[in-house]
Amino acid sequence: MINAIAYIVSIALTVVASSFLSLSSKQLISIAGFSSIFFGAIYFWQHRLAFAFLGVSVLLAFGLMDVPHLVEFAGLDIVLFLASMMVVIGYLEERQFFEHFVNKVIHFVGMDGRKLLFVLLAASFISAALVDEVTSILFMSAATLNIANRYKLNPVPFIIMIVFATNIGSSATVVGNPIGIVIAMRSGLSFMDFIRWASPISLVVFLVATVLLFIYYSKPISALQEAIKEHKRKREMKEVIEEDHVTPEGIMTSGIIFACVVLGLVLHSQVEHLLGLEKNTMLLGTALVGASVTLLISRNDARNIVEKRVDWWTLSFFLLLFASVGTLKYQGITQVIAQKIAAVAG
């Protein structure tokens, strides 16, 4: 009930605040339609897709957006990129590639709790930058929970630290999160542009955040250190993640695919220039080729990967959310806001 009241009040306040921009009634209704999706996702996260469908249908019913522009604004290129990357990552997860990688890193670090935690944070940062934050948090949190369970510790502080590292890492490259992909697709920025500008800033933020997190969570970290000291005999140092179904051939194949996809994403701008293609053609092309190769290799498991490993719920929400944001452009609202900002900024 409280959420429902907050939902209605938030939409009303947004429309009232927007009225001071001298917008037309049609533009105000557009803002109300967009706000219904936006605040629906905030207050009723589990039902966000229902609000997205309803919001877009209202926009269409009131003539605030037509079907051709809905298709144009839906960001099909971004959704295709994300779906393709999810297929690739799904294949790697099926082969337990990431678990194997994390496991080897932890074996290399040894029984030092602080080193172990720093490596987990660094791995979260790097994996989020190279893959995406959703995938990173899934396999890194699995490793973290396993460690906390082994040493009988409260996992919450360590999970929060992993979330911080993952979120910061996702801003380092174009593929870290959907927003980076939107920026790249719409502005023509390349993977190397992000490496040049975003990565150094993200790295500095990560190091500062790590220091602050180690200070703030000094007690849980000390508890981890003490727990590890009690289990430092060699025979008790087990693998952090079980690898029952891992084979050397599977890991090698997964590693080659992962390396090729990442390399393709990094060099997509150079390939486009060499082939005379439009900007970001190979950003999407690399993901599509990677998905195709993994599905061909998967054979009978291909359908299972597409159905189970691709987050169609989230992708559908993104598609409708992008379309609703496009309504603001279609109705000239973004232009009005830009003019107001320019007038204030001079």
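Numbers here simply count residues along the sequence, with the first being 1.
The closest donor-acceptor contact from the side chain of Glu133 to the backbone of Ala128 lies at 3.5 Å or more, if one exists at all. Side-chain atoms of Ser202 do not come within 3.5 Å of backbone N or O of Gly169 as any donor-acceptor pair. Remark: the backbone N or O of Ser30 is not paired with any side-chain donor or acceptor of Gln331 at under 3.5 angstrom. The backbone N or O of Leu321 lies less than 3.5 Å from a partner atom in the side chain of Ser324, making a donor-acceptor pair. Under a 3.5 Å cut-off, the side chain of Gln225 and the backbone N or O of Asp112 do not form any donor-acceptor pair. A donor-acceptor pair under 3.5 Å is absent between the side-chain atoms of Thr314 and the main chain of Asp311, judged by distance alone. Side-chain atoms of Gln27 come within 3.5 Å of backbone atoms of Ser24 as a donor-acceptor pair (strictly under, hydrogens ignored). Remark: the backbone N or O of Phe214 is not paired with any side-chain donor or acceptor of Ser218 at under 3.5 angstrom. Side-chain atoms of Asp301 do not come within 3.5 Å of backbone N or O of Asn304 as any donor-acceptor pair.
The only option from Leu82, Val182, Ile78 that meets the side chain to side chain contact (heavy atoms under 4.5 Å, CB included) definition with Phe318 turns out to be Leu82. Screening Leu117, Val163, Leu120, Ile137 against Thr144 for a side chain to side chain contact (heavy atoms under 4.5 Å, CB included) leaves a single residue, Leu120.
By the 4.5 Å heavy-atom criterion applied to side chains, Thr327 and Phe73 are not counted as neighbours. For the pair Leu145 and Phe158, the minimum side-chain heavy-atom distance is 4.5 Å or more. Counting heavy atoms from C-beta outward, Ile11 and Ser36 have side chains that approach closer than 4.5 Å. Between Leu295 and Val306 there is a side-chain heavy-atom pair separated by less than 4.5 Å. No side-chain heavy atom of Tyr330 sits under 4.5 Å from any side-chain heavy atom of Glu72. Residues Ile8 and Phe39 fail the side-chain proximity criterion, which asks for heavy atoms closer than 4.5 Å. Counting heavy atoms from C-beta on, the side chains of Thr281 and Val271 never come closer than 4.5 Å. Between Arg48 and Ile42 the shortest side-chain heavy-atom distance does not fall below 4.5 Å.
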Given Tyr43 and Ser10, is the side chain to side chain contact (heavy atoms under 4.5 Å, CB included) satisfied, shown in steps?
-> CA-CA 10 Å; Tyr43 294 114; Ser10 297; 2.8 Å; yes

Might you work through the side chain to side chain contact (heavy atoms under 4.5 Å, CB included) test for Gln270 and Met192, ending with a clear yes or no?
-> CA-CA 10 Å; Gln270 289 84 343; Met192 294 309 297; 3.9 Å; yes

Residue pair Ser298, Tyr91: steps toward the side chain to side chain contact (heavy atoms under 4.5 Å, CB included) verdict = CA-CA 8 Å; Ser298 299; Tyr91 170 83; 3.2 Å; yes

Yes or no on side chain to side chain contact (heavy atoms under 4.5 Å, CB included) for Leu315 and Trp312, after CA distance, side-chain angles and deciding distance?
-> CA-CA 5 Å; Leu315 291 180; Trp312 295 110; 4.0 Å; yes

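Summarising the geometry, atom CG belonging to Leu116 is positioned 6.0 Å from atom CG belonging to Leu224; distances are rounded to the nearest 0.5 Å. Atom CD1 of Ile160 and atom CD1 of Ile162 lie 11.5 Å apart (nearest 0.5 Å). Rounding to the nearest 0.5 Å places CZ of Phe97 at 10.5 Å from CD1 of Ile256. The CG atom of Leu283 sits 9.5 Å away from the OG atom of Ser190 when rounded to the nearest 0.5 Å. Going from atom CD of Glu226 over to atom CD1 of Ile221 covers 13.0 Å, rounded to the nearest 0.5 Å. Remark: Glu94 CD to Ile89 CD1 distance equals 12.5 Å, nearest 0.5 Å.
Of all heavy-atom pairs spanning Ala287 and Val88, the tightest one is O-CG2, 4.4 Å. When all heavy atoms are compared, the tightest approach of Val175 to Ala129 is CG2-O, 3.3 Å. Scanning all heavy atoms of the two residues, the minimum distance from Phe194 to Gly180 falls at CZ-O, 3.6 Å. Considering every non-hydrogen atom in both Leu60 and Asp66, the closest pair reads CD2-C, 4.1 Å. Taking both residues in full, the closest heavy atoms of Tyr151 and Ala227 are given as CB-CB, 3.7 Å, listed atom of the first, atom of the second, then distance. The two atoms that bring Leu59 and Gly33 nearest to each other are CD2-CA, 4.0 Å, heavy atoms only.
Atom CD of Gln335 has 12 or fewer heavy atoms from other residues, nucleotides or ligands within 6.0 Å. Within 6.0 Å of the CZ atom in Phe38, the count of heavy atoms belonging to other residues, nucleotides or ligands does not exceed 12. Within 6.0 Å of the CD atom in Glu278, the count of heavy atoms belonging to other residues, nucleotides or ligands does not exceed 12. Within a 6.0 Å radius of CD1 in Ile2, other residues, nucleotides and ligands contribute 12 heavy atoms or fewer.
Taking 4.0 Å as the cut-off between side-chain N and carboxylate O, Asp77 and Arg186 count as a salt-bridged pair.
Using cut-offs of 30° and 60° on the angle between ring planes, the pair Phe44 and Phe51 is parallel. By the 30° and 60° cut-offs, the orientation of the rings of Trp45 relative to Phe317 is perpendicular.
The aromatic ring centroids of Phe206 and Phe125 lie less than 6.0 Å from each other.
Neither Met85 nor Met282 shares a network with the other; the hydrophobic side chains, linked directly or stepwise wherever heavy atoms of I, L, V, M, F, W or Y lie under 4.5 Å apart, form separate groups for each.
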